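Take a look at the structure below.
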Amino acid sequence: LPISDYVNDTKTVLDQALRVLNAMVDLAADEGHLNAAVQLMHLAQMTVQGLGPDASELEQLPYSSQGPVQEALEAAGVRTLKDVAAKSRGALQKITKAAL
């Protein structure tokens, strides 16, 4: 890498980015801009989790971003976190065990 302290610089920038994003959320909320505040919170969450805007919601769950598990969940009609919450524990176990 061209910069020897790249890892520390990246960590510092990401830490500061979260502070800036949180300040922007506060400002947007104070000014009554609900949509902007929600979008900024979404951006902050993506920054923390290292996910892009086109990533599946299921990638937020541990181990579900592995190919077979995510494919099995999506094949069973589970595409969002809301879908996960609607399924029973037994149904989710059945879906994921079949994938492994």
Side-chain angles (χ1 to χ4, degrees):
L1 296 175
I3 301 172
S4 62
D5 203 24
Y6 180 76
V7 173
N8 289 333
D9 289 346
T10 303
K11 185 178 182 319
T12 301
V13 167
L14 288 174
D15 287 341
Q16 296 301 321
L18 291 175
R19 289 189 182 106
V20 170
L21 285 169
N22 287 330
M24 291 172 70
V25 168
D26 290 343
L27 182 64
D30 285 345
E31 295 295 320
H33 301 290
L34 178 62
N35 190 39
V38 170
Q39 293 297 322
L40 286 163
M41 285 187 263
H42 187 68
L43 180 59
Q45 188 68 25
M46 289 188 303
T47 302
V48 168
Q49 293 181 339
L51 297 174
D54 58 341
S56 168
E57 287 183 28
L58 299 177
E59 291 185 30
Q60 297 177 27
L61 301 174
Y63 307 110
S64 69
S65 63
Q66 297 171 348
V69 175
Q70 187 171 357
E71 289 171 12
L73 287 169
E74 289 177 354
V78 179
R79 290 181 176 76
T80 65
L81 296 177
K82 194 174 187 178
D83 295 339
V84 171
K87 292 276 188 193
S88 70
R89 181 181 211 152
L92 288 172
Q93 287 177 339
K94 184 177 177 183
I95 294 167
T96 55
K97 281 184 183 179
L100 301 174

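Counting from 1, the numbers follow the sequence of the chain as shown. All of these numbers come straight from a predicted model, not from anything done at the bench.
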What pairs of donor and acceptor atoms, side-chain ones from residues 89-100 against any protein atom, are under 3.5 angstrom apart with sequence neighbours left out?
residue, atom, partner, partner atom, Å
Thr96, OG1, Leu92, O, 2.9
Thr96, OG1, Gln93, O, 3.3

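- Neither Val20 nor Leu27 shares a network with the other; the hydrophobic side chains, linked directly or stepwise wherever heavy atoms of I, L, V, M, F, W or Y lie under 4.5 Å apart, form separate groups for each.
- Note on residues 13-24: pairs passing side-chain hydrogen bond (donor to acceptor under 3.5 Å, both in side chains), not counting sequence neighbours, are Lys11-Asp15.
- Shown here for Gln70 and Leu58, the closest heavy-atom pair between the two residues is CG-CD1, 4.4 Å.
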Atom pairs and distances, side-chain donor-acceptor, residues 28-54, under 3.5 Å, sequence neighbours left out:
residue, atom, partner, partner atom, Å
Thr47, OG1, Leu43, O, 2.8

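- Between the CG atom of Leu81 and the CD atom of Glu59 there is a distance of 11.0 Å, given to the nearest 0.5 Å.
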